[in-house]
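Each remark here refers to the structure printed beneath this line.
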Protein chains: 2
Amino acid sequence: MSRSSPAELKALIRDFRRDQIIDVARRLFGERGTIEVPMDEIATEAGVARSTLYVYFANRDELLRACLQRMHTLLLDSVVGSWERDSSPVERLRTLVLGMLERIDDNPAFFRLTLATQGAPSPAATTVGAELDLIGLDIAGLIRDVIEQGTHSGDFRLLDADKAMTFVGQQLYGAMSVRAGDPRPAPRHEAADELCSFLLYGLAGPARTDMHTLPAS
Amino acid sequence: MSRSSPAELKALIRDFRRDQIIDVARRLFGERGTIEVPMDEIATEAGVARSTLYVYFANRDELLRACLQRMHTLLLDSVVGSWERDSSPVERLRTLVLGMLERIDDNPAFFRLTLATQGAPSPAATTVGAELDLIGLDIAGLIRDVIEQGTHSGDFRLLDADKAMTFVGQQLYGAMSVRAGDPRPAPRHEAADELCSFLLYGLAGPARTDMHTLPAS
DNA sequence: CGGCGAATCGGACACCGTGTCTGATTCACT
DNA sequence: AGTGAATCAGACACGGTGTCCGATTCGCCG
């Protein structure tokens, strides 16, 4: 134990500190936007000196990148955890949606910012953008799996997997953006159900029998 | 002509200059992101002194806001122009979608940035956000009109107008974001058709008869 | 205990962009 | 030629970034 400790423990502490800083940054960035938060404040809030910050992160952008990376893993964990247990494509779709909503609700402000950073082209966002793309690719892969499984099992209408994936992805993207900006979002499960329902109307084809309120006029 | 000219002409020139600056800013912001472009550069590129810039716009944020406002009017013009001519809700939906795609293609980078600014909470984005919200509201209104018209005429399934509006809006939002980031986007009309098709599958209910390639397996 | 080394601190520094201001200059119109 | 508005160039204070370095803390080992 004396052999592995010194080096490994050091690394552990380092990681711990890192995570601690990232959490603070994630919160602050979320609350007030990326550019609005000076490094000073992050340092103070995290209880370290500003110069120490630069020991852990080369610059502001790399810190932001680390924040995104963290959200990446959290997001995937949210989904993949329940993923394996579900079998039907409908269930999995719901799991997927629900997982993303959970992640949003966890820190909507930062999520909003995540989507925002997406669009900004800049040397900064180039580094950052790579991270974002990774998240997108992961999700896209999951969506694709669901669709293929669904069309194969006959639960979904027959459609081009690529296009379907794109559209589902777009809808998810839009839904997340809207929810992230919504001060009083609908309850998570309800929102997930509605969203899935809308997606399935398109995916599963024939109308379902929820609402027949209006006269056919 | 000597009476009205001096004052009005002055205003005209002023507006012209303003627009000229806005166009330059819109391009540069689009190319490299909002924060990445110094006021110096905008001024130089627009052929005015930096101090003159501050005569026309109180600060960076107000310049950005003006850029968004411009996109707002362009966007609405794109849509409303053809709007009146169309009668069926399906046609109008397509007009709406197509108009937005046109606007994206006109300056995708800036549009990306527009969507991006959306999410960033900050004193800056508060002013800016108001402008964005206005655009959103206008579009939402148009969507709502289409949906109500469609459900009323029987072209669409019966569904809750509010929720349908939300979902269509989300889908549009997502589609625009994706297209704005796509280096080689699909031809505009084709993209519009596909998007409408996807929306209508959900809106118009029963499956259409485009693709029956796969065996029911 | 005394001392070593790594991590941390605090603060000085140069650099850059912002927004303000001022006095000089241009230009159109009379 | 003269007047006034628009424009210009440039100086300025301010605030944030990223770098650097000497001083300090703290755990650990002889």
Side-chain angles (χ1 to χ4, degrees), chain A residues 1-22 24-25 28-29 31-67 120 122-125 127-128, chain B residues 1-22 24-25 28-29 31-67 120 122-125 127-128:
Chain A
M1 194 176 270
S2 53
R3 182 68 143 278
S4 58
S5 274
E8 290 181 6
L9 189 77
K10 204 184 293 184
L12 270 183
I13 292 182
R14 224 190 124 80
D15 283 359
F16 184 80
R17 266 276 217 276
R18 241 184 89 94
D19 287 356
Q20 166 193 7
I21 295 174
I22 289 177
V24 170
L28 291 181
F29 282 161
E31 283 169 6
R32 313 218 309 276
T34 349
I35 34 175
E36 305 297 329
V37 183
M39 296 293 263
D40 293 32
E41 193 174 343
I42 300 176
T44 308
E45 201 85 0
V48 299
R50 198 165 68 97
S51 46
T52 307
L53 222 57
Y54 284 94
V55 172
Y56 286 93
F57 306 93
N59 51 39
R60 170 185 219 74
D61 289 324
E62 209 168 314
L63 174 55
L64 177 57
R65 193 171 155 284
C67 291
S122 67
T127 343
V128 168
Chain B
M1 191 175 273
S2 53
R3 183 66 143 278
S4 59
S5 275
E8 290 181 6
L9 188 76
K10 204 184 296 184
L12 270 183
I13 291 181
R14 225 189 123 80
D15 283 358
F16 184 79
R17 264 275 217 281
R18 241 184 89 93
D19 286 355
Q20 167 194 7
I21 294 174
I22 289 178
V24 171
L28 290 181
F29 281 161
E31 283 170 6
R32 313 218 308 278
T34 350
I35 34 173
E36 305 296 330
V37 183
M39 296 293 264
D40 292 33
E41 193 173 344
I42 301 176
T44 308
E45 201 85 1
V48 298
R50 199 166 68 97
S51 47
T52 308
L53 222 57
Y54 284 94
V55 173
Y56 286 92
F57 305 94
N59 53 38
R60 170 184 219 73
D61 289 324
E62 209 167 312
L63 174 55
L64 177 58
R65 195 171 154 282
C67 291
S122 68
T127 344
V128 168

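Chain identifiers are assigned alphabetically (A, B, ...) following the order of the sequence lines, protein sequences preceding nucleic acid strands; residue numbering begins at 1 within each chain.
- Of all non-hydrogen atoms in A/V37 and A/L28, the two that sit nearest each other are CG2-O, 3.6 Å.
- Heavy atoms only, all atoms of each residue included: B/F57 and B/I21 are closest at CE1-CG2, 3.7 Å.
- Of the candidate nucleotides D/dG16, D/dG18, C/dT18, D/dG16 has the atom lying nearest to any side-chain atom of A/P38.
- Rounded to an integer number of Å, the gap from CG of B/D61 to P of C/dG19 is 7 Å.
- A sub-4.0 Å separation between OP1 or OP2 of D/dA5 and a side-chain N or O of B/R14 is absent.
- Here A/F57 lies out of heavy-atom contact (under 4.0 Å) with every strand.
- Rounded to whole Å, atom C1' of C/dG17 lies 14 Å from atom CG of B/N59.
- Atom CG in A/L53 sits about 16 Å away from atom C1' in C/dG11, given to the nearest Å.
- Taking atom CD on A/E41 and atom P on D/dG16, their separation rounds to 10 Å, with Å as the unit.
- Here D/dA9 is the nucleotide among C/dG10, C/dT18, D/dA9 with the atom lying nearest to any side-chain atom of B/A49.
- Taking atom CD1 on A/I21 and atom C1' on C/dC9, their separation rounds to 13 Å, with Å as the unit.
- What separates CG of A/D40 from C1' of C/dG10 is a distance of 12 Å, to the nearest Å.
- Residue B/V55 is out of contact with every strand shown, counting any heavy-atom pair closer than 4.0 Å.
- In this model, the phosphate group of D/dC8 is not approached by any side-chain N or O of B/S51 to a distance below 4.0 Å at OP1 or OP2.
- One can place OH of B/Y54 at 17 Å from P of D/dA11, the figure rounded to the nearest angstrom.
- Comparing C/dT8, D/dT17, C/dG19 against the side chain of A/R60 picks out D/dT17 as the nearest.
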Nucleotide N/O of nucleotides 24-28 of chain C paired with protein N/O under 3.5 Å:
none

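- Atom CG of A/N59 sits about 10.0 Å away from atom CG of A/L64, to the nearest 0.5 Å.
- OP1 or OP2 of D/dT7 lies within a sub-4.0 Å distance of a side-chain N or O belonging to B/Y56.
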Please step through side chain to side chain contact (heavy atoms under 4.5 Å, CB included) for the pair A/F29 and A/I42, ending with a clear verdict.
CA-CA 9 Å; A/F29 282 161; A/I42 300 176; 3.9 Å; yes

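- B/R60 approaches B/P38 most closely through the heavy-atom pair NH2-N, 4.4 Å.
- Of all non-hydrogen atoms in B/Q20 and B/A46, the two that sit nearest each other are NE2-O, 3.2 Å.
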With 3.5 Å as the limit, what N/O pairs link the protein to nucleotides 13-16 of chain C?
none

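- Closest to the A/M39 side chain, of the nucleotides D/dA9, D/dG18, C/dG10, is D/dG18.
- The distance between atom CG of B/D15 and atom C1' of D/dA6, rounded to the nearest whole Å, is 15 Å.
- B/V55 approaches B/R14 most closely through the heavy-atom pair O-NH2, 3.9 Å.
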